[in-house]
Each structure stands twice: as structure tokens, then as C-alpha cells.
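Taking it in order: structure first as C-alpha cells, then the write-up.
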Amino acid sequence: MEKNILKRIFFDEHQHWEAFKNKYGERIRPIVIKEVEKFRDCGDPKKGFKLYVCEGCNDVRHVPFRCKGRFCTTCSVGESEEWSRILTEDVLQVNHRHVIFTIDENLRDIFLWHRELLKPLMDEAARLITGYFQKKAKVKPGIIAGLHTFGSKVNFNPHVHMLVTMGGITDKGEWKTYDFIPFAMLRKQWQTVVLKFIRKHLPNREKKRIQPRLQKAFSNNGEGFYVYAPKQRGKVKDQLRYIGRYIRRPAIGINRIEEYDGQHVTFNYIDKVDGKEKPETVTVEEFIIRLTRHIPDEQFKTIRHYGMYSRRSKSLSKKLLATWQQGTRRWILKVKKTIRRQTWRERIISSGQKDPLVCPHCDNYYEYKGEVCLEDGKLEIKIALTKEAKNYLERVIHYRADQQTQKREEEKRNRPLTPEEDIRQLSLFNVS
């Protein structure tokens, strides 16, 4: 499939997204409209770009701005890779477990109706793990939790993925290893925790409505809700990179979409029953519904830090462990490591692709000359480092403005006439 298959599904000549908005209107969350329309404009030079000029042959490149939206697959994949890279450098260089907390399928719709329950779902899962480590090993572990609201069929299936240190810091500031998580025991505790906090956070009238679902979730899971914490193999850095990418991954990868015929979308998924890859075909409307459900609410954090990795504890914990590791000569913390985000150019080069700022014609470098941004619906020059760059950008803006004017006039000429216009036009040729 082409890179922009999702854009084609949403915004091609069938105008599925506009039809979806017209049909569901105010039932669509405002953040969904905001994110989808940011995605539509992502990478479009008509919405703004940076100007680069080759110092050798004066070849020109327009590098469009990216939306950095939470729905955009292109941006989210790049952010996921960058986040996992930083994660491997920032966390402790010790073994971590990938712990997964799930809920009964009868409860999924409750979290869809009451999205305010998603944060307590993450908090309670972290509290359960933290409490266990403090009770059994007398240590505070480091936890990074990621919320996934999607299942393999892109259905709504909220569950929590965690990166948990196998050990923690003691009250004396020492590191203590502890590598045992009895997830069979935690299953019953997790089930009790989930059912209790749902009742706690919902009003009485809503409790009565969902009580049959809560009862069914309890009776159908005699061993508790599914909790899984497999031991990780291989190098610590490789473990962290893999789990980090998994925690931050988008609801569906472009490579999973097999076919789009204008009205239906076919994508692949892994069947949890037999582990085989299977196709799923749905209407475009159903596909849009499934995808947009996973756009989080405004300002909602799908990644949260707890224990040693929490904002309050992180700096102090690192100071204590830095002192401790000097005495033990056991290096689990990169004290002098300076961590920064890579630029878009560095990310492209690190992925094995050619340097985007090397001219393919003469092998000289492109130089940054300025940029154009969209303000109030019009392109405006924000930066122009030279007079020549300013003149060039002005010509580009005028050219694009002329193109838009011609397009509007063509659309006006080609649109069907209203009954009033039709009568008025016919009257010009009436002979009585």
C-alpha cells in the first residue's frame, strides 16, 4: 500500500470524512475533528514549508511542516522510534519486565462511555505493582505505563502495558534486585481493584445500569483478569528499545492495510485464539469509527511514570543511585550522559537513509534560507535570511495564491446550477 493510504481512505474523492462529520455531527468529540484535520494537512507544502538551497547548483528543496498529531501515523511512528531511543538512554540499565494488565471484554464499553476512567486504570495498575514490591522486597521500583485502547482488530480494548524494573531503590538509597512477579496471584487482586474503582468513580444511577456487566465480569473470571509478565531475554538495551516501541505504537500500522476499494477497507490482524494472521473487511465508516475511538482526550497522557521514574522521585533517586554505584562499582545509571532529541535529519540518517541535506545532483549541502507559515488561511514569510530568499518565497506565495484562485473559479464553473440559476440562464435564450 502507498504511504498515504489512510489519507486516501479519509479524504479521497469519496469524501468519507466529510460524510462522517455530516452524519454524526456533535456526537464526534471535538479533539477527534481537530486531530484528523491536522493529519489531513500534515506534510502539505501548501500549509507551510522550510526553504533549503543547494550551495553548489542552487537546487531548491521545500521541506513541509509535520503536524506532530496524535492521530497521524507518519508522525506517531517517528515519535515512537525517537521516544524508545531516548528511553533506552534515560532509564536504569537493569533488567525490566513487560507487564500487561487487561480487563474483561464486558467492561470495555464502560471505559468507552466513561473515558475519565482510563487514568485510574493506569494509576491502579501501577499502585498494585508498587505495593507488591514494597511489601515483598522493601523497594520502590521504576514503572513506565502506557495505555493501549485498541485490540488487534482495532476494536476498543483498553489495557495497560508496563515497563517495570526488576528491583528498586531501598530507603537507604541502595539498589536491590528482585526478579519475581507472581502474576497468577496478581490476577485476582487486579480483578478486585478494577471492579472497585469502577464503582467508586461512577454515580449511583450509572452503577445500577452497569451492574449486570460488573457481575458478569466477576463470575466469568474465576482466576481473575488476565495479567502477564514474561521474563525478557537478550541485552538490556535491546529489551528496552523493543518494549518502548511497543508501548508507543499506533492503533494500526500502514503495512497492515491490504486493500481499499473506495467503500471497504481490508486489514490484517493476529487472531489471539490460534495465533494466525487473518483478514478483516469493514466499511469505511466502520473503519473510521474504530480508528477515531483511539484518539485520546485533550491533554490526556497515554504514557505515565511511577515509582522511581515519577517526576517527583526521579532526580532524587538518580542522585542516591549515583552515589551508591560509585561505592559498589556497579554501573546501572549513566550519570554524565546528556540526552537530547534528534533532529529530523539525524533520524533519517540513523534509519539508514541518505542524508536529506545532500544534493542528489552535485553532492553539495543544502543550506537553510527561510520558511513560510500559514496564518489566517494565508501563507506568510516568517524567516528569510537573504534578499534573494525573500524574493523567491514571495514568488512562491503568489504562485500558490493564483493556483488556489484558478481552482476556485474552475470549481465554480463546474458545479451544478441551482434551480434559480438554471431558470435565469434559460431566460437569456427565451424567444417569445
Could you check whether the rings of [X] and [Y] sit parallel, tilted or perpendicular, using 30° and 60° as the cut-offs?
X	Y	result
Phe150	His294	perpendicular
His161	His159	perpendicular
Tyr132	Tyr178	tilted
Tyr228	Tyr226	parallel
His201	Phe197	perpendicular

Can you tell whether the side chains of [X] and [Y] come within less than 4.0 Å, N to carboxylate O?
X	Y	result
Arg290	Glu286	yes
Lys382	Glu380	no
Glu346	Arg85	no
Arg127	Asp123	no
Asp41	Lys46	no
Glu285	Lys23	yes
Glu223	Arg187	yes

Could you report the tightest heavy-atom contact between [X] and [Y], atom names first, then the distance?
X	Y	answer
Leu379	Gly48	CD2-N, 3.8 Å
Thr102	Trp190	O-NE1, 2.7 Å
Lys188	Asn221	NZ-O, 4.3 Å
Phe267	Ser152	CE1-O, 4.3 Å
Leu374	Gly377	CD1-C, 3.8 Å
Gly151	Asn157	N-CB, 3.8 Å

### Query
Between Lys34 and Glu298, does a salt bridge (Lys or Arg N to Asp or Glu O under 4.0 Å) hold up when you go through it step by step?
CA-CA 10 Å; Lys34 177 183 174 181; Glu298 191 88 49; 3.2 Å; yes

Whether the side chain of [X] engages the backbone of [Y] through a donor-acceptor N/O pair (distance < 3.5 Å, no angle test) should be reported.
X	Y	answer
Glu35	Arg70	yes
Trp17	Ile288	no
Arg66	Thr74	no
Arg213	Leu107	no
Lys7	Cys42	yes
Gln325	Ile332	yes
Asp90	Ile86	no
Ser313	Ser317	no
Thr165	Gly142	yes
Glu82	Gln342	yes

#### Entry: Asp104 and Asn106: side chain donor to acceptor below 3.5 Å
yes

Look at atom [atom1] of [X] and say whether more than 12 heavy atoms of other residues, nucleotides or ligands are closer to it than 6.0 Å.
X	atom1	answer
Lys354	NZ	yes
Phe218	CZ	no
Lys207	NZ	yes
Asp261	CG	yes

In the structure I gave you, are the side-chain heavy atoms of [X] and [Y] within less than 4.5 Å of one another anywhere?
X	Y	result
Phe101	Val193	no
Lys38	Phe71	no
Ile100	Met162	no
Glu124	Lys196	no
Val139	Trp175	no
Trp113	Arg209	yes
Trp83	Ile303	yes
Phe65	Lys47	no

Output the distance between atom [atom1] ([X]) and atom [atom2] ([Y]), rounded to the nearest 0.5 Å.
X	Y	atom1	atom2	value
Thr149	Phe300	OG1	CZ	9.0 Å
Leu202	Gln211	CG	CD	11.0 Å
Ile397	Leu393	CD1	CG	6.5 Å
Asp355	Ile349	CG	CD1	3.5 Å
Ile289	Asn155	CD1	CG	13.5 Å
Ile143	Ile129	CD1	CD1	6.0 Å

#### Entry: Trace of the side-chain contact (heavy atoms from CB on, under 4.5 Å) decision for Leu87 with Leu163
CA-CA 11 Å; Leu87 177 75; Leu163 191 65; 3.8 Å; yes

#### Entry: Derivation of the side-chain contact (heavy atoms from CB on, under 4.5 Å) call for Gln263 and His16
CA-CA 9 Å; Gln263 300 301 324; His16 291 296; 3.8 Å; yes

### Task
Using the side-chain contact (heavy atoms from CB on, under 4.5 Å) rule, pick out the option among Phe11, Phe39, Tyr260 that qualifies with Leu6.
Phe39

### Message
Cation-pi check for Tyr246 against Arg249: NZ or CZ below 6.0 Å from the six-membered ring centre and within 45 degrees of the axis, yes or no?
### Response
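Judged by the rule (NZ or CZ under 6.0 Å from the ring centre, within 45° of its axis), Arg249 counts as positioned above Tyr246.
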
### Task
For Phe20 and Phe10, run side-chain contact (heavy atoms from CB on, under 4.5 Å): C-alpha distance rounded to whole Å, both residues' side-chain angles, the deciding distance at 0.1 Å, then the answer.
CA-CA 9 Å; Phe20 185 80; Phe10 274 70; over 6 Å; no

### Task
Would you please indicate if the ring centroids of His96 and His98 are separated by under 6.0 Å?
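Not close enough - the centres of the two rings lie 6.0 Å or further apart.
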
### Task
Run the numbers on Arg108 and Leu112 for side-chain contact (heavy atoms from CB on, under 4.5 Å), then give the verdict.
CA-CA 6 Å; Arg108 294 172 186 172; Leu112 180 60; over 6 Å; no

